[in-house]
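Below: one structure, written as C-alpha coordinates.
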2 protein chains.
Amino acid sequence: MLKKSNLRMTRQRKVILEELQKVDTHPSADEVYAMVRHRLPRISLGTVYRNLEILSESGVIQKLEPGCSLKRFDGNPSDHTHIRCVSCDRVVDAAMTPDLEIDFEQVNSTDFKIIGHRLEFFGLCPQCAEKSNPAEMQA
Amino acid sequence: MLKKSNLRMTRQRKVILEELQKVDTHPSADEVYAMVRHRLPRISLGTVYRNLEILSESGVIQKLEPGCSLKRFDGNPSDHTHIRCVSCDRVVDAAMTPDLEIDFEQVNSTDFKIIGHRLEFFGLCPQCAEKSNPAEMQA
DNA sequence: TTTGCTGCAAATCCTTTGCAGAGGT
DNA sequence: ACCTCTGCAAAGGATTTGCAGCAAA
(Lines give C-alpha, C1' and ligand atoms only; values in the text may rest on other atoms or scores of the structure.)
Protein backbone atom coordinates (compact mmCIF):
# COMPACT_ATOMS: atom_id res chain seq x y z
CA MET A 1 0.00 0.00 0.00
CA LEU A 2 2.78 2.42 0.86
CA LYS A 3 5.21 2.84 -1.96
CA LYS A 4 8.50 2.80 -0.11
CA SER A 5 8.80 -0.61 1.56
CA ASN A 6 10.65 0.70 4.59
CA LEU A 7 7.64 2.71 5.70
CA ARG A 8 5.74 1.64 8.81
CA MET A 9 2.00 1.79 9.32
CA THR A 10 1.96 3.44 12.69
CA ARG A 11 -1.16 4.19 14.68
CA GLN A 12 -0.89 7.87 13.86
CA ARG A 13 -0.47 7.25 10.15
CA LYS A 14 -3.38 4.84 10.11
CA VAL A 15 -5.74 7.19 11.91
CA ILE A 16 -4.80 10.14 9.70
CA LEU A 17 -5.54 8.08 6.62
CA GLU A 18 -8.81 6.72 7.98
CA GLU A 19 -10.09 10.13 9.03
CA LEU A 20 -9.14 11.65 5.71
CA GLN A 21 -10.91 8.89 3.81
CA LYS A 22 -14.05 9.42 5.87
CA VAL A 23 -14.69 12.95 4.62
CA ASP A 24 -15.02 14.65 1.26
CA THR A 25 -14.23 18.12 2.56
CA HIS A 26 -10.61 18.28 1.35
CA PRO A 27 -9.32 19.49 4.70
CA SER A 28 -6.15 21.47 5.32
CA ALA A 29 -3.37 20.04 7.48
CA ASP A 30 -4.71 21.96 10.42
CA GLU A 31 -8.19 20.58 9.93
CA VAL A 32 -6.84 17.03 9.68
CA TYR A 33 -5.01 17.70 12.93
CA ALA A 34 -8.30 18.65 14.60
CA MET A 35 -10.08 15.57 13.21
CA VAL A 36 -7.37 13.17 14.29
CA ARG A 37 -7.06 14.61 17.78
CA HIS A 38 -10.42 13.20 18.74
CA ARG A 39 -8.91 9.76 18.52
CA LEU A 40 -5.29 10.59 19.31
CA PRO A 41 -5.29 13.57 21.67
CA ARG A 42 -1.51 13.60 22.04
CA ILE A 43 -0.62 13.63 18.35
CA SER A 44 1.44 16.60 17.21
CA LEU A 45 0.85 18.89 14.27
CA GLY A 46 4.31 18.06 12.98
CA THR A 47 3.38 14.40 12.76
CA VAL A 48 0.27 15.28 10.79
CA TYR A 49 2.30 17.31 8.31
CA ARG A 50 4.91 14.58 7.97
CA ASN A 51 2.31 11.89 7.37
CA LEU A 52 0.21 13.87 4.92
CA GLU A 53 3.40 14.38 2.94
CA ILE A 54 4.35 10.70 3.06
CA LEU A 55 0.84 9.50 2.22
CA SER A 56 0.56 11.81 -0.76
CA GLU A 57 4.03 10.86 -1.98
CA SER A 58 2.93 7.25 -1.73
CA GLY A 59 -0.15 7.97 -3.82
CA VAL A 60 -2.59 6.90 -1.12
CA ILE A 61 -4.03 10.38 -0.83
CA GLN A 62 -3.53 13.47 -2.94
CA LYS A 63 -2.34 16.95 -2.16
CA LEU A 64 -4.25 19.69 -3.95
CA GLU A 65 -2.42 22.72 -5.36
CA PRO A 66 0.83 20.85 -5.92
CA GLY A 67 3.14 23.57 -7.19
CA CYS A 68 2.38 26.60 -5.10
CA SER A 69 5.06 27.14 -2.52
CA LEU A 70 4.88 30.82 -3.32
CA LYS A 71 2.69 33.10 -5.40
CA ARG A 72 3.75 34.41 -8.78
CA PHE A 73 2.74 37.51 -10.65
CA ASP A 74 2.09 38.15 -14.33
CA GLY A 75 2.30 41.60 -15.90
CA ASN A 76 -0.18 40.43 -18.50
CA PRO A 77 -3.65 40.51 -16.96
CA SER A 78 -5.41 38.91 -19.93
CA ASP A 79 -6.63 35.36 -19.66
CA HIS A 80 -4.01 32.93 -20.89
CA THR A 81 -2.65 29.52 -20.01
CA HIS A 82 0.52 28.70 -18.11
CA ILE A 83 2.94 25.82 -18.10
CA ARG A 84 4.72 25.11 -14.83
CA CYS A 85 7.87 23.09 -14.33
CA VAL A 86 7.18 20.51 -11.63
CA SER A 87 10.83 20.44 -10.71
CA CYS A 88 11.96 24.08 -10.45
CA ASP A 89 8.51 25.71 -10.33
CA ARG A 90 9.30 28.06 -13.21
CA VAL A 91 6.27 29.27 -15.18
CA VAL A 92 6.02 30.10 -18.89
CA ASP A 93 3.12 31.08 -21.11
CA ALA A 94 1.47 28.48 -23.33
CA ALA A 95 1.22 29.30 -27.00
CA MET A 96 -2.55 29.24 -26.89
CA THR A 97 -5.44 28.41 -24.63
CA PRO A 98 -7.46 25.43 -25.82
CA ASP A 99 -11.14 26.06 -26.25
CA LEU A 100 -12.84 23.73 -23.83
CA GLU A 101 -16.57 24.10 -24.53
CA ILE A 102 -17.44 22.79 -21.12
CA ASP A 103 -21.00 21.96 -20.18
CA PHE A 104 -21.19 23.37 -16.66
CA GLU A 105 -24.47 21.58 -15.96
CA GLN A 106 -22.82 18.28 -16.58
CA VAL A 107 -19.69 18.98 -14.55
CA ASN A 108 -21.45 20.58 -11.63
CA SER A 109 -23.67 18.33 -9.57
CA THR A 110 -23.21 20.66 -6.61
CA ASP A 111 -25.05 23.83 -5.71
CA PHE A 112 -21.95 25.94 -6.36
CA LYS A 113 -22.40 28.83 -8.76
CA ILE A 114 -19.57 28.34 -11.21
CA ILE A 115 -17.83 31.53 -12.33
CA GLY A 116 -15.03 30.12 -14.42
CA HIS A 117 -12.25 27.63 -14.69
CA ARG A 118 -8.52 27.49 -14.79
CA LEU A 119 -6.41 25.15 -16.86
CA GLU A 120 -2.76 24.70 -16.11
CA PHE A 121 -0.19 22.47 -17.71
CA PHE A 122 2.72 20.98 -15.89
CA GLY A 123 5.87 19.43 -17.15
CA LEU A 124 9.63 19.69 -17.16
CA CYS A 125 11.57 22.69 -18.37
CA PRO A 126 14.58 21.94 -20.60
CA GLN A 127 17.09 22.51 -17.79
CA CYS A 128 15.32 20.17 -15.37
CA ALA A 129 14.64 17.57 -18.03
CA GLU A 130 18.36 17.44 -18.72
CA LYS A 131 19.24 17.11 -15.04
CA SER A 132 16.76 14.33 -14.31
CA ASN A 133 17.78 10.87 -15.43
CA PRO A 134 15.24 9.85 -18.11
CA ALA A 135 15.12 6.32 -16.67
CA GLU A 136 13.77 7.40 -13.30
CA MET A 137 11.53 10.26 -14.25
CA GLN A 138 8.72 10.90 -11.82
CA ALA A 139 5.95 13.44 -12.23
CA MET B 1 -6.44 52.50 -14.90
CA LEU B 2 -6.68 51.61 -11.22
CA LYS B 3 -10.14 50.42 -10.30
CA LYS B 4 -10.67 52.19 -7.00
CA SER B 5 -10.58 55.93 -7.72
CA ASN B 6 -8.97 56.81 -4.40
CA LEU B 7 -5.78 55.00 -5.34
CA ARG B 8 -2.63 56.98 -6.06
CA MET B 9 -0.05 56.21 -8.70
CA THR B 10 3.04 56.55 -6.58
CA ARG B 11 6.59 56.20 -7.84
CA GLN B 12 6.90 52.80 -6.19
CA ARG B 13 3.66 51.51 -7.66
CA LYS B 14 4.60 52.76 -11.11
CA VAL B 15 8.04 51.17 -11.06
CA ILE B 16 6.69 47.84 -9.81
CA LEU B 17 4.16 47.79 -12.63
CA GLU B 18 6.72 48.80 -15.27
CA GLU B 19 9.26 46.22 -14.19
CA LEU B 20 6.63 43.49 -14.06
CA GLN B 21 5.40 44.35 -17.54
CA LYS B 22 8.96 44.20 -18.88
CA VAL B 23 9.41 40.50 -18.19
CA ASP B 24 7.57 37.30 -19.00
CA THR B 25 9.10 35.28 -16.19
CA HIS B 26 6.13 35.43 -13.79
CA PRO B 27 8.27 36.48 -10.84
CA SER B 28 7.47 35.94 -7.18
CA ALA B 29 7.07 38.90 -4.82
CA ASP B 30 10.65 38.48 -3.74
CA GLU B 31 11.90 38.50 -7.32
CA VAL B 32 9.89 41.63 -8.09
CA TYR B 33 11.49 43.20 -5.03
CA ALA B 34 14.94 42.44 -6.44
CA MET B 35 14.02 43.83 -9.87
CA VAL B 36 12.57 47.04 -8.49
CA ARG B 37 15.45 47.70 -6.13
CA HIS B 38 17.72 48.53 -9.03
CA ARG B 39 15.65 51.66 -9.61
CA LEU B 40 14.39 52.25 -6.05
CA PRO B 41 17.08 50.98 -3.68
CA ARG B 42 15.19 52.09 -0.58
CA ILE B 43 11.87 50.39 -1.37
CA SER B 44 10.67 47.88 1.19
CA LEU B 45 9.46 44.34 0.65
CA GLY B 46 6.21 45.23 2.41
CA THR B 47 5.52 47.91 -0.18
CA VAL B 48 6.10 45.42 -2.96
CA TYR B 49 3.62 42.99 -1.41
CA ARG B 50 1.05 45.71 -0.85
CA ASN B 51 1.31 46.98 -4.40
CA LEU B 52 1.24 43.58 -6.08
CA GLU B 53 -1.95 42.93 -4.16
CA ILE B 54 -3.50 46.26 -5.16
CA LEU B 55 -2.46 45.96 -8.79
CA SER B 56 -3.88 42.47 -9.11
CA GLU B 57 -7.10 43.47 -7.38
CA SER B 58 -7.34 46.30 -9.88
CA GLY B 59 -6.90 43.89 -12.76
CA VAL B 60 -3.76 45.56 -14.08
CA ILE B 61 -1.68 42.49 -13.39
CA GLN B 62 -2.66 38.99 -12.38
CA LYS B 63 -1.74 36.80 -9.46
CA LEU B 64 -1.19 33.17 -10.36
CA GLU B 65 -2.47 30.41 -8.05
CA PRO B 66 -5.35 32.51 -6.78
CA GLY B 67 -6.89 30.17 -4.23
CA CYS B 68 -3.98 28.63 -2.43
CA SER B 69 -3.51 30.24 0.92
CA LEU B 70 -2.96 26.79 2.32
CA LYS B 71 -2.69 23.27 0.96
CA ARG B 72 -5.60 20.84 1.06
CA PHE B 73 -5.68 17.08 1.10
CA ASP B 74 -7.99 14.59 -0.55
CA GLY B 75 -8.48 11.05 0.70
CA ASN B 76 -9.35 10.04 -2.83
CA PRO B 77 -6.12 9.71 -4.81
CA SER B 78 -7.78 9.10 -8.15
CA ASP B 79 -7.75 11.81 -10.78
CA HIS B 80 -10.84 13.97 -10.52
CA THR B 81 -11.81 17.61 -10.84
CA HIS B 82 -12.40 20.12 -8.05
CA ILE B 83 -14.57 23.17 -7.63
CA ARG B 84 -13.26 25.85 -5.30
CA CYS B 85 -15.22 28.64 -3.68
CA VAL B 86 -13.41 31.91 -4.41
CA SER B 87 -14.80 33.42 -1.26
CA CYS B 88 -14.30 30.87 1.52
CA ASP B 89 -11.79 28.61 -0.27
CA ARG B 90 -13.88 25.49 0.34
CA VAL B 91 -13.34 22.67 -2.18
CA VAL B 92 -15.85 20.12 -3.46
CA ASP B 93 -15.62 17.41 -6.10
CA ALA B 94 -17.04 18.01 -9.56
CA ALA B 95 -19.54 15.47 -10.85
CA MET B 96 -17.26 14.52 -13.72
CA THR B 97 -14.05 15.51 -15.42
CA PRO B 98 -14.56 16.84 -18.94
CA ASP B 99 -12.59 15.10 -21.62
CA LEU B 100 -10.35 17.76 -23.07
CA GLU B 101 -8.64 16.13 -26.05
CA ILE B 102 -5.87 18.67 -26.00
CA ASP B 103 -3.31 18.89 -28.77
CA PHE B 104 -0.11 19.44 -26.80
CA GLU B 105 1.82 20.39 -29.93
CA GLN B 106 -0.53 23.26 -30.51
CA VAL B 107 -0.56 24.51 -26.93
CA ASN B 108 3.13 24.18 -26.31
CA SER B 109 5.38 26.48 -28.28
CA THR B 110 8.01 26.13 -25.60
CA ASP B 111 10.64 23.48 -25.10
CA PHE B 112 8.93 22.24 -21.95
CA LYS B 113 8.17 18.54 -21.86
CA ILE B 114 4.50 18.46 -20.89
CA ILE B 115 3.55 15.73 -18.44
CA GLY B 116 -0.07 16.57 -17.81
CA HIS B 117 -2.60 19.21 -17.02
CA ARG B 118 -4.88 20.25 -14.24
CA LEU B 119 -8.34 21.73 -14.62
CA GLU B 120 -10.01 23.47 -11.73
CA PHE B 121 -13.33 25.25 -11.54
CA PHE B 122 -13.99 28.19 -9.31
CA GLY B 123 -17.21 29.74 -8.18
CA LEU B 124 -19.30 30.56 -5.16
CA CYS B 125 -20.59 28.04 -2.68
CA PRO B 126 -24.25 28.43 -1.65
CA GLN B 127 -23.38 30.02 1.70
CA CYS B 128 -21.07 32.63 0.17
CA ALA B 129 -23.42 33.31 -2.73
CA GLU B 130 -26.12 34.14 -0.23
CA LYS B 131 -23.90 36.44 1.78
CA SER B 132 -22.61 38.41 -1.20
CA ASN B 133 -24.94 41.05 -2.56
CA PRO B 134 -25.72 39.98 -6.15
CA ALA B 135 -25.39 43.60 -7.31
CA GLU B 136 -21.76 43.90 -6.31
CA MET B 137 -20.50 40.43 -7.00
CA GLN B 138 -16.82 40.28 -7.69
CA ALA B 139 -14.96 37.17 -8.75
C1' DT C 1 -4.54 70.12 2.94
C1' DT C 2 -6.14 65.75 2.87
C1' DT C 3 -5.43 61.02 3.34
C1' DG C 4 -3.37 57.21 0.87
C1' DC C 5 1.26 55.50 0.85
C1' DT C 6 5.94 54.48 2.46
C1' DG C 7 9.87 52.29 5.13
C1' DC C 8 10.76 49.89 8.99
C1' DA C 9 10.24 46.29 12.09
C1' DA C 10 7.54 43.25 14.50
C1' DA C 11 3.95 39.96 14.10
C1' DT C 12 1.53 36.26 11.98
C1' DC C 13 0.56 32.20 9.50
C1' DC C 14 1.77 27.86 7.63
C1' DT C 15 5.14 24.48 7.37
C1' DT C 16 9.53 22.17 8.28
C1' DT C 17 13.17 20.36 11.16
C1' DG C 18 16.47 18.74 15.14
C1' DC C 19 16.42 15.91 18.83
C1' DA C 20 16.01 12.23 22.17
C1' DG C 21 13.03 8.78 23.33
C1' DA C 22 9.08 5.47 21.85
C1' DG C 23 7.38 1.83 19.12
C1' DG C 24 6.74 -1.00 14.57
C1' DT C 25 8.49 -4.99 12.22
C1' DA D 1 17.44 -5.26 17.90
C1' DC D 2 17.06 -2.21 14.30
C1' DC D 3 15.69 1.92 12.52
C1' DT D 4 11.60 4.57 11.45
C1' DC D 5 8.53 7.32 13.76
C1' DT D 6 6.85 10.31 17.41
C1' DG D 7 6.08 14.61 20.43
C1' DC D 8 7.96 18.72 21.48
C1' DA D 9 9.72 23.00 20.57
C1' DA D 10 12.29 25.92 17.96
C1' DA D 11 13.33 27.53 13.35
C1' DG D 12 12.06 28.72 8.80
C1' DG D 13 9.99 31.12 4.82
C1' DA D 14 6.39 33.86 2.96
C1' DT D 15 3.24 37.33 3.83
C1' DT D 16 0.77 40.85 6.60
C1' DT D 17 0.33 44.69 9.66
C1' DG D 18 1.01 48.88 13.08
C1' DC D 19 2.99 53.08 13.10
C1' DA D 20 4.76 57.72 12.37
C1' DG D 21 6.35 60.45 8.81
C1' DC D 22 6.04 61.37 3.59
C1' DA D 23 4.04 62.71 -0.65
C1' DA D 24 0.33 62.39 -4.39
C1' DA D 25 -3.95 64.68 -5.49
Side-chain angles (χ1 to χ4, degrees), chain A residues 1-20 26-58 60-61 63-73 88-91, chain B residues 1-20 26-58 60-73 88-89 91:
Chain A
M1 174 193 212
L2 296 176
K3 259 180 194 169
K4 288 172 64 180
S5 54
N6 54 342
L7 291 177
R8 292 173 184 170
M9 183 50 81
T10 59
R11 219 149 99 65
Q12 290 86 339
R13 188 164 296 163
K14 187 157 166 288
V15 170
I16 288 170
L17 179 56
E18 285 173 359
E19 292 300 311
L20 190 54
H26 311 78
S28 63
D30 214 62
E31 289 164 346
V32 172
Y33 179 50
M35 290 155 58
V36 166
R37 279 225 279 185
H38 292 129
R39 291 173 59 188
L40 300 173
R42 293 189 50 73
I43 198 173
S44 76
L45 183 55
T47 297
V48 172
Y49 271 105
R50 273 185 288 233
N51 277 306
L52 287 173
E53 194 57 39
I54 287 169
L55 289 170
S56 63
E57 272 176 11
S58 300
V60 186
I61 67 171
K63 175 158 56 170
L64 308 189
E65 303 285 357
C68 88
S69 50
L70 77 179
K71 283 172 188 117
R72 296 183 164 275
F73 296 87
C88 70
D89 225 40
R90 211 151 56 85
V91 173
Chain B
M1 176 193 209
L2 296 176
K3 259 180 192 168
K4 289 173 64 179
S5 53
N6 53 342
L7 291 176
R8 291 174 184 168
M9 184 49 82
T10 59
R11 220 150 99 64
Q12 290 86 338
R13 187 163 297 164
K14 187 157 167 290
V15 171
I16 288 170
L17 179 56
E18 285 172 0
E19 292 300 312
L20 190 54
H26 311 78
S28 63
D30 214 62
E31 288 164 347
V32 172
Y33 178 51
M35 288 155 59
V36 166
R37 280 226 279 186
H38 292 129
R39 290 172 61 189
L40 300 174
R42 292 189 52 72
I43 197 172
S44 76
L45 183 55
T47 296
V48 172
Y49 270 104
R50 273 185 289 235
N51 278 306
L52 287 173
E53 194 58 38
I54 288 169
L55 289 169
S56 62
E57 272 176 11
S58 299
V60 186
I61 68 171
Q62 70 173 303
K63 176 159 54 169
L64 308 189
E65 304 285 355
C68 89
S69 49
L70 76 181
K71 283 173 187 116
R72 296 184 164 275
F73 298 86
C88 70
D89 225 40
V91 173

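Just so it is clear: chains get the letters A, B, ... in the order the sequence lines come, proteins before strands, and each one is counted from 1.
- No side-chain heavy atom of B/Glu19 sits under 4.5 Å from any side-chain heavy atom of B/His38.
- Distance CG (A/Asp30) to C1' (C/dT15): 11 Å, rounded to an integer number of Å.
- Per the geometry, OH belonging to B/Tyr33 stands 15 Å off C1' belonging to D/dT16, to the nearest Å.
- The separation between B/Glu53 atom CD and D/dA14 atom P is 17 Å, rounded to whole Å.
- Atom OH of B/Tyr49 is separated from atom P of C/dA9 by 18 Å (rounded to the nearest Å).
- The distance between atom CD1 of B/Ile54 and atom C1' of D/dT17, rounded to the nearest whole Å, is 13 Å.
- Helix-axis bend for the helix from C/dT1-D/dA25 to C/dT25-D/dA1: the local axis fitted to the five terminal pairs at one end deviates from that at the other end by 40°, rounded to 10°.
- Looking only at side-chain heavy atoms (C-beta outward), A/Lys63 and A/Glu57 stay at 4.5 Å or farther from each other.
- The residue A/Ile43 sits close only to the backbone: its heavy atoms come under 4.0 Å of sugar-phosphate atoms, none of a base.
- Counting all heavy atoms, side chain and backbone alike, B/Ser44 lies closest to B/Tyr33 at C-CE1, 3.7 Å.
- Residues A/Gly46 and A/Asn51 both approach DNA chain D. Their nearest nucleotides, taken by heavy-atom distance, put A/Asn51 toward the 5′ side.
- Taken to the nearest 0.5 Å, the CG atom of A/Leu45 stands 8.5 Å off from the CZ atom of A/Arg37.
- Annotation: A/Arg39, atom CZ; neighbour count of heavy atoms from other residues, nucleotides and ligands within 6.0 Å is above 12.
- Residue A/Arg13 has its side chain nearest to D/dT6 when only D/dT15, D/dT6, C/dT6 are considered.
- Between A/Arg42 and B/Thr47, the residue anchored closer to the 5' end of DNA chain D is A/Arg42, taking for each the nucleotide with the nearest heavy atom.
- Contact between A/Leu40 and A/Gln12 at its shortest, heavy atoms only, is CD1-CA, 3.7 Å.
- To the nearest angstrom, P of C/dT15 lies 9 Å from CG of A/Leu45.
- Counting only heavy atoms from C-beta on, B/Ser44 has its side chain closest to C/dC8 among D/dC8, C/dC8, D/dA14.
- Of the inter-residue distances, the one linking B/Ile61 atom CD1 with B/Glu53 atom CD reads 8.5 Å to the nearest 0.5 angstrom.
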>> Can you build the contact string for nucleotides 19-25 of chain C? Use B for base contact, S for sugar-phosphate-only contact, and - for no protein heavy atom under 4.0 Å.
In response: ----BBS

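- One atom, CZ of B/Arg37, and another, P of C/dT6, lie 16 Å apart when rounded to the nearest Å.
- Closest approach of B/Leu20 to B/Pro27, counting heavy atoms only: CD1-CG, 3.5 Å.
- Within the 4.5 Å cutoff, side-chain heavy atoms of A/Ile16 are placed close to those of A/Ile43.
- Summarising the geometry, the separation between CG on B/Leu40 and C1' on C/dG7 is reported as 12 Å, rounded to the nearest angstrom.
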